[in-house]
Enquirer: 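Sharing a structure, written as structure tokens. Questions coming.
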Amino acid sequence: MNNKKLYRSNDRKIFGVCGGIAEYFGFDPTIVRVIWAVLSLSGGSGAVLYLVAALLMENRPDYVSRYEE
């Protein structure tokens, strides 16, 4: 049984959505970011999906904000 869970990545550029998807599926995060950029530039559906994913995905349990002291 696979107990993997989809989390936002600690390796963040914006919200960590692309990095989290890349970690979950075992891809390079740059490839996921490029695909997401192409979707965003071709009709805007990528931007909407990114915002939905950012709202629905949880932070990794070991995430520490760089703004926390």
Side-chain angles (χ1 to χ4, degrees):
M1 181 134 285
N2 186 357
N3 291 329
K4 287 195 314 186
K5 186 168 179 188
L6 182 61
Y7 291 111
R8 287 191 276 164
S9 176
N10 290 339
D11 177 26
R12 297 179 176 206
K13 299 298 179 197
I14 300 177
F15 289 110
V17 171
C18 293
I21 291 171
E23 288 173 4
Y24 185 81
F25 290 108
F27 296 142
D28 181 14
T30 304
I31 294 171
V32 177
R33 290 179 182 122
V34 168
I35 291 169
W36 217 289
V38 169
L39 286 173
S40 295
L41 294 174
S42 60
S45 62
V48 172
L49 291 173
Y50 189 91
L51 290 174
V52 169
L55 292 171
L56 295 178
M57 290 171 65
E58 298 176 8
N59 286 324
R60 290 178 57 91
D62 61 349
Y63 175 68
V64 176
S65 173
R66 59 183 149 179
Y67 301 110
E68 293 179 8
E69 296 182 342

Enquirer: Arg33 and Cys18: which non-hydrogen atoms are nearest, and at how many Å?
Expert: CG-CB, 3.6 Å

Enquirer: How close do Val32 and Ala22 get, heavy atom to heavy atom, and via which atoms?
Expert: CG2-CB, 3.8 Å

Enquirer: To the nearest 0.5 angstrom, please state how far the CD1 atom of Ile21 sits from the CD1 atom of Ile31.
Expert: 13.5 Å

Enquirer: Applying salt bridge (charged side-chain N to carboxylate O under 4.0 Å, His left out) as the test, list every pair that has at least one member in residues 39-48; sequence neighbours left out.
Expert: none

Enquirer: Following the transitive rule for hydrophobic clusters with a side-chain heavy-atom cut-off under 4.5 Å over Ile, Leu, Val, Met, Phe, Trp and Tyr, establish whether Phe25 and Tyr50 coincide in one cluster.
Expert: yes

Enquirer: Taking all non-hydrogen atoms of both residues into account, name the closest pair between Asn59 and Tyr7 and its distance.
Expert: O-CD2, 3.3 Å

Enquirer: Looking at residues at least two apart in the chain, or sitting in another chain, which of them share a ring-ring contact (aromatic ring centres under 6.0 Å, His included) with Phe15?
Expert: none

Enquirer: Give me each pair satisfying salt bridge (charged side-chain N to carboxylate O under 4.0 Å, His left out) with a member in residues 39-59, each pair once, sequence neighbours excluded.
Expert: Lys5-Glu58

Enquirer: Atom OG1 of Thr30 and atom CD1 of Ile35: how far apart are they, to the nearest 0.5 Å?
Expert: 11.0 Å

Enquirer: Over all heavy atoms of both residues, which pair between Ala47 and Ser40 is shortest? Give the atoms and the distance, please.
Expert: N-OG, 3.2 Å

Enquirer: Applying a strict under-4.5 Å side-chain criterion to I, L, V, M, F, W and Y, I'd like to know whether Leu6 and Phe27 cluster together.
Expert: yes

Enquirer: Taking all non-hydrogen atoms of both residues, which atom of Leu49 and which atom of Trp36 are closest, and how far apart?
Expert: C-CZ2, 3.9 Å

Enquirer: Taking all non-hydrogen atoms of both residues, which atom of Gly19 and which atom of Pro29 are closest, and how far apart?
Expert: CA-CB, 4.4 Å

